[in-house]
Amino acid sequence: MRVALLFVLLTATTSTFADEAPSEDWGDFLINNLTTHLADNVFMVNVEQEFNLNNTVTEALVNGVPITLETEFSVYTESWYSSTTILELNQRYRVNYHALSQQFILTNLNTEKQSSYSSLHKVLLSLQQIKDLPLVDKSLLPQDEELYIRVRNRLDISALPLPLRATAYFSSSWRLKSDWATWVLKE
């Protein structure tokens, strides 16, 4: 009797954990490289990144749900006892699907510039590189401290339509983001 009960408990526990494990459609967001350079006394940043959407997000997008992808930048100083953020900057993009034209529309929310693409793959390829993004004027930064820049990308759940937002907050399929990647801010 005890052996049968133990078998039932183990089977139930295993199936519970199997349901919670990530499936093959798991999205992956990455920061692959970051470089900075000085142009006219302004720090410019270049980023190589990847937004790989999972099946849940892709299906919602194709069915009319706009998504917002964001690249977050933070410049900070660090000492043995604290970290001080000097500036934060977000580069935001909205992607939506226009069913009538069968086009994906990419809108840079910082500039309101729009582009259209025939496939989601082409949209995501266009987001792989950010080139010469003005970050901050050098004169606004402390001159006597080593400065760091960190960057990550993510899907902005708070920008989803309200009926979907509550579900998305509790679903790991919607919590897509990269880890923070950190570099020294260099001229």
Chemist: Quick check against the 3.5 Å criterion: does Thr36 have a side-chain atom that pairs as donor or acceptor with the backbone of Lys186?
Modeler: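 Judged by distance alone, yes, a pair lies under 3.5 Å.
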Chemist: Can you see whether Ser173 engages Asn54 through a side-chain donor-acceptor pair at a distance of less than 3.5 angstrom?
Modeler: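 Side chains of Ser173 and Asn54: no pair found under 3.5 Å.
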Chemist: Where do Val45 and Trp183 land on the side chain to side chain contact (heavy atoms under 4.5 Å, CB included) test, with the steps shown first?
Modeler: CA-CA 11 Å; Val45 64; Trp183 285 267; over 6 Å; no
Chemist: Using a distance-only test with no angle check, is there a side-chain donor-acceptor pair under 3.5 angstrom linking Ser126 and Lys122?
Modeler: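 No, Lys122 and Ser126 have no side-chain donor paired with an acceptor closer than 3.5 Å.
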Chemist: Checking Ser178 against Gln49: is there a side-chain donor and acceptor pair closer than 3.5 Å?
Modeler: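 Ser178 and Gln49 do not have a side-chain donor-acceptor pair below 3.5 Å.
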Chemist: With no hydrogens and no angle check, just 3.5 Å: does a side-chain donor-acceptor pair link Gln114 and Thr107?
Modeler: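 Side chains of Gln114 and Thr107: pair found under 3.5 Å.
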Chemist: Using a strict 4.0 Å threshold on nitrogen-to-oxygen distance, state whether Arg92 and Asp156 make a salt bridge.
Modeler: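 A salt bridge links Arg92 with Asp156.
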Chemist: Going by atom types alone, do Gln91 and Asn153 pair a side-chain donor with an acceptor below 3.5 Å?
Modeler: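 There is no such pair between these side chains.
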Chemist: Is there a ring pair (Phe, Tyr, Trp, His ring centres under 6.0 Å) between Phe104 and Tyr97 once you walk through the steps?
Modeler: CA-CA 4 Å; Phe104 289 88; Tyr97 181 66; 4.7 Å; yes
Chemist: Applying side-chain contact (heavy atoms from CB on, under 4.5 Å) between Asn46 and each of Leu133, Asn33, Asp132, report the one that passes.
Modeler: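 Considering Leu133, Asn33, Asp132, a side-chain contact (heavy atoms from CB on, under 4.5 Å) with Asn46 is found only for Asp132.
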Chemist: Measure from the side-chain N and O atoms of Asn52 to the backbone N and O of Asp28, and report whether any donor-acceptor pair falls under 3.5 Å.
Modeler: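 Yes, Asn52 side chain to Asp28 backbone: donor-acceptor pair under 3.5 Å.
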Chemist: Just verifying a value: how many Å separate Phe29 CZ and Arg175 CZ, rounded to the nearest 0.5 Å?
Modeler: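 Output value for this atom pair is 13.5 Å.
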Chemist: Would you say Asn108's side chain and Arg94's backbone share a donor-acceptor pair under 3.5 angstrom?
Modeler: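 No.
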Chemist: Can Arg150 be said to sit on top of Tyr76's aromatic six-ring, NZ or CZ under 6.0 Å from centre and within 45° of the ring axis?
Modeler: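 Checked: cation-pi criterion met.
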